[in-house]
Amino acid sequence: RMALEFKVIKASRYIKVLPYTERARTMCLRFQSKFIHRNYNKNNQGQDQKIYACGLYDNSEFRFHRNTFASFQNHVKEHLIYENEYEIEEKAFPFIVKRTIAVKKHITPRADQEPIIDYLVAQEPKDKFLGAQTGFGKTVCSLIAISRLGYRTVIIVEGGLLPKWASDILKILDIPSKRTLCVRGSAQLKGLIGMGKTKEFDNIDIILMSSTTLQDWITTHETLAHEKDIDIGYGIHPEEFYEHLGIGHRLIDEVHKKFHFNFKQDLYTNTHSVTSLSATLFSYDKVLEGFYEIAYPKLQRFNGGEVIKYTRSYAVLYRLGKGRKVKTKEYGRSEYSHNAFENSVMKNHYFKENYFEMIAETLDIGYIKNYKEGNKAAIYVSSTDLATELVKYLKKRFPGKSVERYCSSLKDPYRNLLDPDIRVSTLGSGGTGHDIPQLTDTILTISIMSLQANVQVFGRTRFLPDQDTRFYFFNCRDVDKHMEYYHLKAKLMQDRAKTYDVLNYDIEM
């Protein structure tokens with residue numbers, strides 16, 4: 001028998017290629033180069049490069065998404081490597097013990113949610129993507145599906161969403177907290193792996209884990225000699241995680257955030273079923289859209305039908321005072337920075353007072369004027385410094401309302417996002433994945449281009465049957481980038497909002 005060039009191992013979400021010859025390594029490197037995404041900033045000064053494939057530091061192993069297998073086979077043919085020169089092995093699913101995970105008796109899905117749950121528990125497609133709009137109930141549907149699937153499940157989310165998911169699991173599933181685990185940090189992950197074969201672990205149904213914890217492990221695995229996984233305390237390699245812990249189902253929330261890593265997670269995932277959630281898996285970037293299509297082919301997604309329009313939207317346009325100078329870029333960077341803009345606001349007392357009063361007057365015409373008992377408002381800013389000062393201002397301006405700051409980087413308690421009448425937060429802390437009960441008014445002071453971020457913050461309001469909800473977004477007429485983003489957002493609002501109007505603020509900053 002002739003010597004083989006390489007071996008392919010096909011798992012549920014990835015293909016692993018083990019090259020035996022220099023020719024095969026070169027072929028793999030060339031295939032890997034097809035999955036490079038370069039983001040050039042303005043004037044092509046510098047670039048941010050991500051690779052939607054991975055391998056070990058010494059090129060002894062390459063990993064590609066399972067959905068690229070047909071493309072890989074064509075690539076192999078183009079390099080004149082024939083089928084008898086390599087072998088393919090299908091990796092078995094891990095052995096799974098089915099579990100009984102009940103839903104609380106008072107939780108019943110709506111009629112329009114039942115087709116979603118049916119999709120999530122169906123045999124095909126194995127890899128589910130749920131893209132219903134914000135507020136549709138993706139969390140409820142996915143947790144009911146976990147109950148019906150009966151698999152031990154790992155739920156992987158950004159660290160800031162751990163408190164929300166921990167609460168939702170116990171609210172929706174009839175499960176004692178001792179049958180769940182929350183894992184954050186490498187020490188806790190090593191502890192989880194260590195208890196994997198114990199009797200104590202037999203009783204665990206749901207594992208909630210921060211994405212950074214898993215990312216750190218995979219990065220360590222790829223950049224150090226991979227034999228060291230065992231030496232540094234993990235005891236197994238990342239690809240053995242699901243089998244070692246008997247996990248039959250993986251769920252990722254807000255999969256569009258840190259999408260590059262979430263895509264890379266697939267390259268180490270071999271399990272019976274996966275579910276990914278996002279209301280905003282779309283981008284102006286067509287190359288990125290291509291990687292979305294690889295991971296979640298559009299024909300296999302459940303997209304929740306037509307957008308329901310219920311929030312009134314308003315562009316708040318303002319002007320700078322004569323001779324007013326503002327910074328719009330960070331030192332050494334060429335792209336627009338709203339943090340830099342807010343630094344200019346904070347450095348001038350007159351500017352800051354007028355800017356804060358514009359936010360207060362926007363609250364007056366929307367939130368205060370239409371207030372009903374229990375209504376809430378949210379204001380999103382860029383910097384924690386401005387958030388801190390704005391909270392002080394609004395507490396004086398609205399003494400009858402509770403006002404709190406929620407910045408997760410400053411360790412603010414989660415209740416600061418959920419409980420007060422008015423909360424001031426950043427997009428990273430409170431702009432995605434959090435449900436604020438009876439939120440009627442959202443004010444986005446940040447000028448941003450990101451299609452996903454704009455749709456996410458717009459979607460913080462939920463449909464309320466007896467009253468309107470409102471979304472205000474600020475842009476300065478005298479800053480070119482603000483007006484560029486304003487026109488993009490105006491089109492977005494016409495597609496997604498119940499109404500769209502422009503409010504001109506006539507006091508110059």
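Every value quoted in this text rests on a predicted model; they were computed, and no experiment measured them.
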Would [X] and [Y] count as having a side-chain donor-acceptor pair, cut-off 3.5 Å?
{"X": "Thr271", "Y": "His249", "value": "no"}
{"X": "Thr213", "Y": "Ser210", "value": "yes"}
{"X": "Thr461", "Y": "Thr442", "value": "no"}
{"X": "Ser276", "Y": "Tyr296", "value": "yes"}

Under 6.0 Å between ring centres: does that hold for [X] and [Y]?
{"X": "Tyr367", "Y": "Tyr371", "value": "yes"}
{"X": "Phe282", "Y": "His256", "value": "no"}
{"X": "Tyr52", "Y": "Phe35", "value": "no"}
{"X": "Phe263", "Y": "His65", "value": "yes"}

request  = Tell me, please, which residues at least two apart from Tyr500 pass side-chain hydrogen bond (donor to acceptor under 3.5 Å, both in side chains).
outcome  = Tyr486
With a 4.5 Å limit on heavy-atom distance, are the side chains of [X] and [Y] in contact?
{"X": "Glu404", "Y": "Asp421", "value": "no"}
{"X": "Leu162", "Y": "Cys182", "value": "yes"}
{"X": "Tyr472", "Y": "Ser313", "value": "no"}
{"X": "His482", "Y": "His338", "value": "yes"}
{"X": "Asp216", "Y": "Ser186", "value": "no"}
{"X": "Phe259", "Y": "Leu288", "value": "yes"}
{"X": "Leu189", "Y": "Trp217", "value": "yes"}
{"X": "Ser283", "Y": "Leu451", "value": "no"}

For the side chain of [X] and the backbone of [Y], is there at least one donor-acceptor N/O pair under 3.5 Å apart?
{"X": "Arg152", "Y": "Ile204", "answer": "yes"}
{"X": "Gln113", "Y": "Arg110", "answer": "yes"}
{"X": "Gln438", "Y": "Glu373", "answer": "yes"}
{"X": "Gln215", "Y": "Ser211", "answer": "no"}
{"X": "Tyr380", "Y": "Gly430", "answer": "yes"}
{"X": "Ser429", "Y": "Thr426", "answer": "no"}
{"X": "Thr153", "Y": "Arg250", "answer": "no"}

ask   = When you look at Leu277 and Leu251, which way does the side chain to side chain contact (heavy atoms under 4.5 Å, CB included) test go after all the steps?
value = CA-CA 8 Å; Leu277 311 177; Leu251 186 148; 4.1 Å; yes
Pair [X] + [Y], salt bridge at N-O below 4.0 Å:
{"X": "Asp506", "Y": "Arg319", "answer": "no"}
{"X": "Lys369", "Y": "Asp364", "answer": "no"}
{"X": "Arg470", "Y": "Asp441", "answer": "yes"}
{"X": "Lys257", "Y": "Glu254", "answer": "no"}
{"X": "Glu357", "Y": "Arg397", "answer": "yes"}
{"X": "Lys347", "Y": "Glu342", "answer": "no"}
{"X": "Lys481", "Y": "Glu484", "answer": "yes"}
{"X": "Glu508", "Y": "Lys322", "answer": "no"}
{"X": "Arg63", "Y": "Asp266", "answer": "no"}

Residue [X] excluded, over 12 heavy atoms near [atom1] under 6.0 Å:
{"X": "Arg415", "atom1": "CZ", "answer": "no"}
{"X": "Lys327", "atom1": "NZ", "answer": "no"}
{"X": "Lys329", "atom1": "NZ", "answer": "no"}

task = For side-chain hydrogen bond (donor to acceptor under 3.5 Å, both in side chains), just list the numbers for Thr469 and Tyr310, CA-CA rounded to whole Å, side-chain angles, deciding distance to a tenth of an Å, and then say yes or no.
result = CA-CA 7 Å; Thr469 54; Tyr310 55 84; over 6 Å; no
message = Please identify which of these residues, Arg405, Lys395, Lys352, meets the salt bridge (Lys or Arg N to Asp or Glu O under 4.0 Å) condition with Glu389.
response = Lys352
key: Aromatic Tyr406 / basic Arg423 pairing, under 6.0 angstrom, 45° off normal   =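 That pair does not qualify as a cation-pi contact.
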Under the salt bridge (charged side-chain N to carboxylate O under 4.0 Å, His left out) test, residues paired with Arg179 that sit two or more places apart = Asp205
remark   = Asp495 meets the salt bridge (charged side-chain N to carboxylate O under 4.0 Å, His left out) criterion, sequence neighbours left out, with Lys491
ask   = Please walk me through it: do Asn475 and Val316 pass side chain to side chain contact (heavy atoms under 4.5 Å, CB included)?
value = CA-CA 6 Å; Asn475 290 103; Val316 178; over 6 Å; no
key: Aromatic plane relationship, Tyr485 with Tyr336 - under 30° parallel, 30 to 60° tilted, over 60° perpendicular   = perpendicular
message = Rounded to the nearest 0.5 Å, what separates atom CG in Leu390 from atom CG in Leu394?
response =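 Nearest 0.5 Å value for the CG-CG distance: 4.0 Å.
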message = I'd like to know whether Asp174 forms a salt bridge (charged side-chain N to carboxylate O under 4.0 Å, His left out) with Lys105, so could you lay out the CA-CA distance, the side-chain angles of the two residues, the decisive distance to 0.1 Å, and finally the verdict.
response = CA-CA 8 Å; Asp174 192 6; Lys105 287 188 171 60; 5.2 Å; no
